Amino acid sequence: MSAPQMVDQPLEGHFETVVAAEQRIEPRDWMPDAYRATLVRQIAQHAHSEIIGMQPEGNWLTRAPSLRRKAILLAKAQDEAGHGLYLYAAAETLGVDRAELTDKLISGRQKYSSIFNYPTLTFADVGVIGWLVDGAAICNQVPLCRCSYGPYARAMVRICKEESFHQRQGYELLMTLMRGTDTQRRMVQDAVDRWWWPSLMMFGPPDDDSPNTAQSMAWRIKRHTNDELRQRFVDMTVPQAQHLGVTLPDPALSWNEERGSWDFGEPDWSELKQVIKGQGPCNTQRVERRRAAHEDGAWVREAAVAYAAKRRAEAGAGGAGDHRDEDEGAGR
Ligand SMILES: [Fe+2]
Ligand SMILES: [Fe+2]
């Protein structure tokens, strides 16, 4: 990559000043190699999560219980595809190629959020994913709108707006089920029991086991620690669970008057480690499906490249006319 080997003092000074002043680093600015590498890893992992995250809910698209539910779920899954695209585009501003990132995903060299390695067993899971998984994503992502890297921060603004819709559609679906039959209420409770702990794990390992947090916070990529965000999520979610009439599966959950926050139990961190290592219930299936979709889509990519080349050739033969903007549009 283009960053100089020898640290250039004035450039480094500019970087430090911009970050300290809460302004944005832009793609052409000098940045430390490790800052660039951290962002590439984080944004790629985030993009992969959006794309892989379509699978668990996509599982229910053909079996949605009504046209209305199907339209909502379809819109949500399409939003997630869009989030993946914004984020791959943000990663590309750092000098990596989207094709290379996809290759790393389907060959298992880059990760995505472990939450998507759990199965969706009933339609109540669609509601619980919207409520808890998108809810946890919002807690994680709202602070990223103030991240020091401009293209990432700007992508997050729009993503967060759409995530709020995802959370609300999930909650509304659960409210509807809770007003239904005993069987429907049991379905919701069962889904909450299965998704609660994995949702808490979405914030990552505890702070004392998260060695990169301090550096990411100094660079203002990350604005809060994993444990702070987890606490915020629990405090936000408990009243919603009460309103819904479900029980969160944690006997240690209790209001702490002194802290003005909810105390809660410790997630099973060995489970998180296993899932990250590839031994979750659906890891193989998720990556295989992504690989198959990528291979099935090869003809689309080839056609787009051929079309763009044809347009370029036409523009070249046409001489003075500048069709460049149109050409760039055609390639996407
Ligand atoms: Fe998303
Ligand atoms: Fe979402």
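For ligands, and for the atoms within them, numbers begin at 1 and follow the listed sequence. Please read all numbers here as calculations on a predicted model, not as lab measurements.
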Rounded to the nearest 0.5 Å, how far does CG of Asn140 lie from SG of Cys160? 10.0 Å

Is any NZ, NE, NH1 or NH2 atom of the basic residue among [X] and [Y] found under 4.0 Å from an Asp or Glu carboxylate oxygen of the other?
{"X": "Arg223", "Y": "Glu22", "value": "yes"}
{"X": "Arg230", "Y": "Asp227", "value": "yes"}
{"X": "Glu172", "Y": "Arg69", "value": "yes"}

Mind checking who shares a hydrophobic cluster with Val300, ILVMFWY linked at side-chain heavy-atom distances under 4.5 Å? Trp299

Neighbouring protein N, O or S atoms of the Fe ion (ligand 1) [cut-off: under 2.8 Å, no waters]: Glu50 OE1, Glu80 OE1, His83 ND1, Glu163 OE2

Please find out if less than 6.0 Å separates the ring center of His48 from that of Tyr88. yes

